[in-house]
**Q** 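Can you read through this structure? Questions will come right after.
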Amino acid sequence: DAGVIQSPRHEVTEMGQEVTLRCKPISGHDYLFWYRQTMMRGLELLIYFNNNVPIDDSGMPEDRFSAKMPNASFSTLKIQPSEPRDSAVYFCASSSWGGNEKLFFGSGTQLSVL
Amino acid sequence: SQQGEEDPQALSIQEGENATMNCSYKTSINNLQWYRQNSGRGLVHLILIRSNEREKHSGRLRVTLDTSKKSSSLLITASRAADTASYFCATAGNNDMRFGAGTRLTVKP
């Protein structure tokens, strides 16, 4: 298996633009997590899905953030409009049993909002 | 929001020495996991210890869990320069997974 695949690897955009981050989980994993990592706030859980259904989105910082999982092999995290404070590394991770088993992380998307 | 808190924030040792990192958390857990992150990379799972376990070993890694004190420790024995990385503890409640701020370990050759 290729592991969790995220794209793009790097994204540079201007304030106000829409940003879409993509994730392909490991086949057969029922749980998908989105995290944001910054120096100031560490690793924050934004949202997680079980069987394509959002279970907990309490970590989504604002209405500007939205996440979808239209099928078991694809998820998106969208920021619209983007702001400089959204600059961070965004990680996607998948698991076969939520937090009861280990998470497999993608390589992350380094987002810079100018 | 973060769940665990690692201590120390940074640790610098010589190759061959042991490294001990600690993690404290606040709520009840199903399990506690440790992850490693090399600079600019994703996190990699190291070891999982369940709430009914007290100690677990994996190669040069030893993890302890004290649920009464809500704390865990990760011991890396005979450290190598390649162990240089950030180490995070993560706690699992229901099905979510929340991470601490991490310990930055530097192993000098």
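Per chain, numbering begins at 1; letters A, B, ... match sequence-line order. Keep in mind that what you see is a predicted model, and the values were worked out from it rather than measured.
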**Q** Treating Ile, Leu, Val, Met, Phe, Trp and Tyr as nodes and any side-chain heavy-atom pair under 4.5 angstrom as an edge, say whether A:Met60 and A:Ile79 lie in one connected cluster.
**A**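 Linked within one cluster.
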**Q** Under 4.5 Å from any heavy atom of chain B, what part of A:Arg9 do you find: side chain, backbone, both or neither?
**A**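 Just the side chain, heavy atoms under 4.5 Å.
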**Q** Heavy atoms under 4.5 Å from chain A: which residues of residues 34-60 of chain B carry them?
**A**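 The list, in residue order, reads B:Tyr35, B:Gln37, B:Gly40, B:Arg41, B:Gly42, B:Leu43, B:His45, B:Leu48, B:Arg50.
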**Q** Heavy-atom distance under 4.5 Å to chain B: side chain of A:Gln37, backbone, both or neither?
**A**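 Only the side chain of A:Gln37 comes within 4.5 Å of chain B.
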**Q** Taking a hydrophobic cluster as the set of Ile, Leu, Val, Met, Phe, Trp and Tyr residues connected by side-chain heavy atoms closer than 4.5 Å, whether directly or through intermediates, do A:Val12 and A:Leu77 fall within one such cluster?
**A**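 No, no single cluster joins them.
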**Q** Answer whether the closest heavy-atom distance between the side chains of A:Tyr48 and B:Met97 falls below 4.5 Å.
**A**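 Side chain of A:Tyr48 against side chain of B:Met97, heavy atoms only: no contact under 4.5 Å found.
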**Q** Look at the side-chain heavy atoms of Ile, Leu, Val, Met, Phe, Trp and Tyr, link any pair under 4.5 Å apart, and say whether B:Leu32 and B:Leu61 land in one connected group.
**A**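 Result: yes, single cluster for both.
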**Q** In terms of hydrophobic clustering (I, L, V, M, F, W, Y; side-chain heavy atoms under 4.5 Å; direct or indirect links), are A:Phe104 and A:Trp34 co-clustered?
**A**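 Each belongs to a different hydrophobic cluster.
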**Q** Should we count CD of A:Glu62 as having more than 12 external heavy atoms under 6.0 Å?
**A**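 Counting other residues, nucleotides and ligands, CD of A:Glu62 exceeds 12 neighbours.
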**Q** More than 12 heavy atoms of other residues, nucleotides or ligands under 6.0 Å from CD of A:Glu83: is that the case?
**A**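 Enclosed.
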**Q** Determine whether A:Phe65 and A:Val113 fall in the same hydrophobic cluster, where Ile, Leu, Val, Met, Phe, Trp and Tyr are linked whenever their side-chain heavy atoms lie under 4.5 Å apart.
**A**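 Yes, A:Phe65 and A:Val113 fall within the same hydrophobic cluster.
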**Q** Taking every heavy-atom pair that is under 4.5 Å apart, which of A:Asp56, A:Leu103, A:Ile55 has the most such pairs with chain B?
**A**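 Of the options given, most contacts go to A:Leu103.
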**Q** Please name the pair of heavy atoms, one in B:Asp96 and one in A:Phe33, separated by the smallest distance, quoted to 0.1 Å.
**A**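 Minimum heavy-atom contact is CA-CE2, 4.0 Å.
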